[in-house]
Amino acid sequence: MVHNSIYETSVSLSEISLAPRTNQKNRTREALLAATRELMSEGKEVTLAKVAERARTSRATVYRYFSDPGVLALDATLDIEVTPTSELLEGIDDVRSRVHAVARYYLDFSRDHEAYFRQFLAESLKAALEDGTVKMRGARRLAAFAEALEPIRPAMRPSEFEALTQRLSMTSGMEQLIILEDILRVDQKTGNRLLEGLVDALLDKYLPGA
């Protein structure tokens with residue numbers, strides 16, 4: 001019994017001693033990601049040297065965390081904090097309104113961080129061409145739409161619920177912003193109206209009793 005108590009104490013002390021190093025690593029990583037986002041927001045190329053200069057650290061330090069500037073740019077974008085879906089939907093009971101709230105948020109989110117996401121897409125496509133790997137994106141949207149639709153899940157077949165969630169995820173985000181701005185060349189008000197029409201068309205098709 002005494003032996004176990006001593007052992008447990010030693011583990012606890014070990015964990016405590018590791019905590020400062022872990023926290024420092026996390027702080028360093030966050031500083032590098034923040035510096036990268038600053039460069040991206042200014043439309044500047046992301047290089048290890050530029051990130052090191054902006055983060056006021058050495059290039060060797062940046063290299064220890066991110067040896068590839070493309071990966072650094074991707075992770076910096078994915079690390080952007082989004083508003084929890086529960087907060088977006090707070091006080092909204094109507095399913096159609098819940099879905100519209102999520103769709104509008106992710107389109108506006110892409111507008112607010114357009115410079116980041118354009119570089120993110122560029123790096124994703126570059127990686128896919130070079131080695132066939134594609135960085136997962138859009139997963140947050142998928143989960144958010146599923147949460148918005150949760151009240152009507154019991155009334156839908158699982159296959160239809162999944163299909164609706166996936167198709168709604170295709171209506172909003174950076175890819176859609178590029179279509180609106182680069183291909184259709186419409187202003188924000190028109191873009192929002194087009195988005196709402198797409199969302200309503202899907203809901204009219206799938207929602208029980210719509």
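All of these numbers come straight from a predicted model, not from anything done at the bench.
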Shared hydrophobic cluster for I178 and L180 (ILVMFWY, side-chain gaps under 4.5 Å): yes
Pair R96 + D204: basic N to acidic O under 4.0 Å: yes
I179: partners by side-chain contact (heavy atoms from CB on, under 4.5 Å), with sequence neighbours left out: I183, L184
Check: Q176 side chain, M170 main-chain N or O, donor-acceptor pair, under 3.5 Å: yes
Flag, side chain of R29 to backbone of Y65, donor-acceptor distance under 3.5 Å: no
Donor-acceptor contact present, side-chain T57 to main-chain A52, <3.5 Å: no
Check against ring-ring contact (aromatic ring centres under 6.0 Å, His included), F145 and Y106: CA-CA 10 Å; F145 278 115; Y106 277 97; 7.1 Å; no
Heavy-atom closest contact (L72 atom, F66 atom, distance): CD1-CD1, 3.4 Å
Polar side-chain atom of R59 near backbone of L48 as donor-acceptor pair, under 3.5 Å: no
Over 12 non-hydrogen atoms of neighbours within 6.0 angstrom of CD in E181: yes
Donor-acceptor contact below 3.5 Å, side chain S169 vs main chain T165: yes
E147 backbone acceptor or donor facing R98 side chain under 3.5 Å: yes
Between CG on residue L32 and CZ on residue R64, distance to nearest 0.5 Å: 10.0 Å
T85 (side chain) donor-acceptor with A144 (main chain) under 3.5 angstrom: no
